[in-house]
Amino acid sequence: MKTKNHFFVAIIIVLLSNISMAQQVGDPGWVFDESKYDNRFPAMREYAKAGVQGGIPYRSSNPIKQTLSVISGDSDMGNNIQSAINTVANSGGGVVLLKNGTYPIGSQIMMKSNVTLRGESKNGVLLEVFMRFQGSSEPKKKEVFFWKNVQNAGLEDFSMIYNADYQGKQMFPLDHDWAFNYFSAYSIRSQNYPNERVYHDRPNFKYHTVKNIDVIYIRMDGNTKNCWIDNCNFRDSGSAHLIISNPSKHITIRNTLVRGAFQKGNNGHGYGINCSGTYVLMVKNTVKNVRHWAIQQGAIYNVVYDCHSETDMNFHQGDLGLNLIEKSKLHRPYWHLWDVIGTGASYHGDPGQGNMFYDNDVIDGSRGKKYTDKKVYTFNRDRKVVPMFNTPPKYGTLYAMKRSGGNGGNNQLPIVSFLGIADGTQLPTGASIKPVVNASDPDGSIANVKLYINNQFIRQENVAPYEWGHIANKDEQLKNLEDGTYTLKTEATDNKGGKTTKTLSFKVVNSDSGGQLIPNGTYFINSITSDQRLLSRVPENHNAIMHNQGNYSDQKWIFTHLGDNLYTIKNKGTNRYLEVPYAKCGNGNNVATYTSAGGNHQKWKAIKNGSVYSFKPVHCQNVALDRAAGAINANVHTWGYSATNNNQKWNITLSSGSRDVTKETSKENKIDLYPNPATEVIRIHGIQSNTRVKVLDFYGKIVITTELNGNSLNVDKLPSGIYFLHTEKGVRTKFIIE
């Protein structure tokens with residue numbers, strides 16, 4: 001009987017836990033509350049997009065695939081954790097569970113898409129980090145957890161602490177309230193080490209110049225998206241705690257303590273949270289005894305909500321504006337030098353426009369309370385915090401979120417995600433896919449899950465696991481796929497009739513074409529809003545400017561494809577490459593040319609924008625090449641990317657005399673096509689019947705793959721344009737459809 005009581009108590013605890021979890025901001029099912037929209041603040045709709053799209057998955061919705069325990073005598077469990085993460089990633093995703101214990105970590109852990117690392121309990125699982133930074137020869141080895149182009153991955157329910165043992169003695173982290181008894185951050189003293197200043201390096205520091213402790217807990221880099229950190233405890237980092245680099249986006253940091261750092265010198269040491277991403281949601285976190293909580297370097301549409309900060313909240317390295325801090329406690333300790341909401345010195349650069357601070361509990365050190373009224377505050381041109389509006393938002397909040405319901409009023413909708421295939425995946429011709437759908441219901445059960453491809457119904461699954469394409473004689477629509485763009489859609493229905501849909505897109509691309517939008521060649525870059533085109537020449541100090549059209553070499557640009565529609569763009573007249581000087585990231589940075597193209601700020605991502613193109617610098621893909629306000633004879637610059645901004649749309653036309661790939665034919669095989677131009681059917685002389693051929697459009701996309709029946713090819717469904725016929729032997733012949 002006693003065992004049964006324990007069993008029922010456990011069930012009640014789990015149910016209560018799920019109820020509590022279901023009420024958290026950042027969970028699935030939260031949507032923008034249109035009824036609270038105030039049209040003075042259009043960014044409210046953008047703030048609602050912050051965080052993981054669809055919310056952090058409930059713990060019960062993500063299956064445990066691997067379980068680890070501490071191995072006695074193993075001095076580095078990092079390798080074991082990495083191996084488990086790799087195994088789970090290769091199986092389509094899921095959870096790596098760490099059982100309670102202390103895990104020594106001496107090596108970097110690379111996060112993988114669709115994998116969650118979860119502790120059995122936050123206070124029961126401790127990662128004790130012994131990593132040491134080995135210097136510039138290993139620049140990627142200074143982070144404990146490194147995320148690079150990772151999607152749908154998270155860290156949950158564990159603690160981390162850094163072991164900074166130095167010459168047999170644990171270094172003093174100076175992360176306790178009682179450690180500080182001086183006002184200035186440049187002259188902080190501790191009771192244990194009264195002769196040491198701890199927030200900026202100086203040569204005479206006894207311990208805080210030990211460079212091999214320059215180890216960061218977490219860095220999210222590249223196109224990391226829809227990742228999260230939830231319910232963790234990060235103490236005494238080697239250097240910084242958490243860096244979210246641009247262009248990472250849709251990140252949630254929730255219920256996490258960030259406290260203390262050993263290395264507190266210049267150049268980014270000692271930061272608690274350093275956010276340079278987009279749509280990052282930071283909710284219910286505590287950050288204290290660190291150098292800064294920073295929102296900077298391209299950050300836009302990020303939300304700090306219901307957090308507790310005991311450091312300065314600073315905007316001092318080129319954020320893009322429109323970030324929100326609401327309902328948070330911002331208490332700058334009396335010993336910290338910066339303003340509670342700071343912008344640094346003048347050389348740090350101006351903060352972005354439109355940042356908003358509303359309804360916060362603000363205490364600025366010895367200066368006392370600030371901004372206690374219900375005004376909406378922002379930065380003015382003098383970098384001071386001033387009212388943006390003297391009246392509060394119409395409905396008392398700028399972060400207007402609500403729980404969405406399904407059929408039946410309070411029904412919580414199913415939680416759905418794909419495993420085994422990620423949004424944006426590119427597969428080779430003839431590939432087959434085996435989608436797996438994770439579906440759970442927080443307040444009921446799943447009735448069925450359906451799958452569609454390009455809106456064509458595949459099959460319904462009624463019980464987990466929800467899988468398709470894995471059975472030999474089923475789901476033929478998912479096998480041996482031809483080239484093209486595909487959309488997968490799944491629809492999960494719960495026991496109350498509530499439905500959730502999830503979609504993703506992927507491409508199947510012939511390896512010969514590589515999906516290349518613009519063939520290698522020499523082009524003019526023409527504005528669509530005037531008759532001017534881009535040039536770069538010596539008299540303007542190699543700046544990239546708009547100029548009237550002429551057949552001059554300095555108006556011609558050589559495009560070289562690097563893969564994934566990344567290009568170098570070299571001026572033919574000067575042999576210099578288009579770049580964003582000094583790798584600046586943000587609005588209004590003039591574009592020029594340089595003698596080499598080794599950096600990402602000298603490479604450009606081409607995007608098809610209707611019938612024309614936009615170009616984003618690889619190092620800063622929140623912005624695009626922009627004809628500044630449509631000005632005539634003016635320098636082009638970078639500006640926040642918008643698909644509707646005509647100043648960012650460019651016609652790319654082949655220059656006369658360039659190596660024109662449209663004119664390549666096979667002299668050796670003498671294939672003739674007629675009529676050419678054609679309208680409905682072309683006839684082919686020079687190859688045999690039953691030969692397998694492909695037709696590519698001008699941009700390299702395969703539009704027909706077929707086996708010839710006789711010597712004719714039906715092209716009546718193709719729109720007007722230039723096309724190429726490819727044979728198995730690599731012969732290419734151009735034809736035109738009128």
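- For N302 (side chain) and V280 (main-chain N/O), a donor-acceptor pair under 3.5 Å exists by modelled atom type.
- For the salt bridge (charged side-chain N to carboxylate O under 4.0 Å, His left out) with D361, the lone residue among K369, R332, K329 that qualifies is K369.
- Screening residues 99-113 for salt bridge (Lys or Arg N to Asp or Glu O under 4.0 Å), with sequence neighbours left out, gives K99-E120.
- Residues satisfying the ring-ring contact (aromatic ring centres under 6.0 Å, His included) criterion with Y37, sequence neighbours excluded, are absent altogether.
- Summarising the geometry, atom CG belonging to L127 is positioned 9.0 Å from atom OG belonging to S159; distances are rounded to the nearest 0.5 Å.
- Salt-bridge formation is not detected for the pair R259/E310: no Lys NZ or Arg NE/NH1/NH2 atom is positioned less than 4.0 Å from an Asp or Glu carboxylate oxygen.
- By the ring-ring contact (aromatic ring centres under 6.0 Å, His included) test, F130 is found to be paired with no residue, residues two or more places apart in sequence or in another chain being considered.
- Residue pairs meeting the salt bridge (Lys or Arg N to Asp or Glu O under 4.0 Å) criterion with at least one member in residues 277-287, sequence neighbours excluded: K284-D306.
- D76 is linked by a salt bridge (Lys or Arg N to Asp or Glu O under 4.0 Å) to nothing, counting only residues two or more places apart in sequence or in another chain.
- Residues meeting the salt bridge (Lys or Arg N to Asp or Glu O under 4.0 Å) test with E46, sequence neighbours left out: K49.
- With sequence neighbours excluded, no residue satisfies disulfide (SG to SG under 2.5 Å) with C275.
- A search for ring-ring contact (aromatic ring centres under 6.0 Å, His included) contacts involving Y377 returns Y371, not counting sequence neighbours.
- With sequence neighbours excluded, no residue forms a disulfide (SG to SG under 2.5 Å) with C307.
- For the atom pair I325 CD1 and N360 CG, the distance stands at 6.5 Å (nearest 0.5 Å).
- Taking the centre of each ring, W293 and H316 stay at or above the 6.0 Å mark.
- Partners of K327 by salt bridge (Lys or Arg N to Asp or Glu O under 4.0 Å), not counting sequence neighbours, listed by chain and number: D359.
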**Message:** Apply ring pair (Phe, Tyr, Trp, His ring centres under 6.0 Å) to residues Y47 and Y399 and explain how you reach the verdict.
**Reply:** CA-CA 6 Å; Y47 297 147; Y399 186 58; 7.8 Å; no
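- Using modelled atom types, no side-chain atom of W147 and backbone atom of G154 make a donor-acceptor pair closer than 3.5 Å.
- Using a cut-off of 4.0 Å between Lys/Arg side-chain N and Asp/Glu carboxylate O, K122 and D230 are scored as not salt-bridged.
- When the ring-ring contact (aromatic ring centres under 6.0 Å, His included) test is applied to Y279, the partners found at least two apart in sequence or on another chain are H250, Y301.
- For R367, the salt bridge (Lys or Arg N to Asp or Glu O under 4.0 Å) partners two or more places apart in sequence, or in a different chain, are D339, D364.
- Rounding to the nearest 0.5 Å gives a distance of 14.0 Å between CG of N149 and CE of M111.
- Less than 6.0 angstrom separates the ring centroid of F379 from the ring centroid of F357.
- Neither side chain, E156 nor N231, offers a donor N or O lying under 3.5 Å from an acceptor on the other.
- Counting only heavy atoms from C-beta outward, the side chains of M44 and D38 approach each other to under 4.5 Å.
- Judged by a 6.0 Å distance limit and a 45° cone about the ring axis, R219 is not positioned over the six-membered ring of F145.
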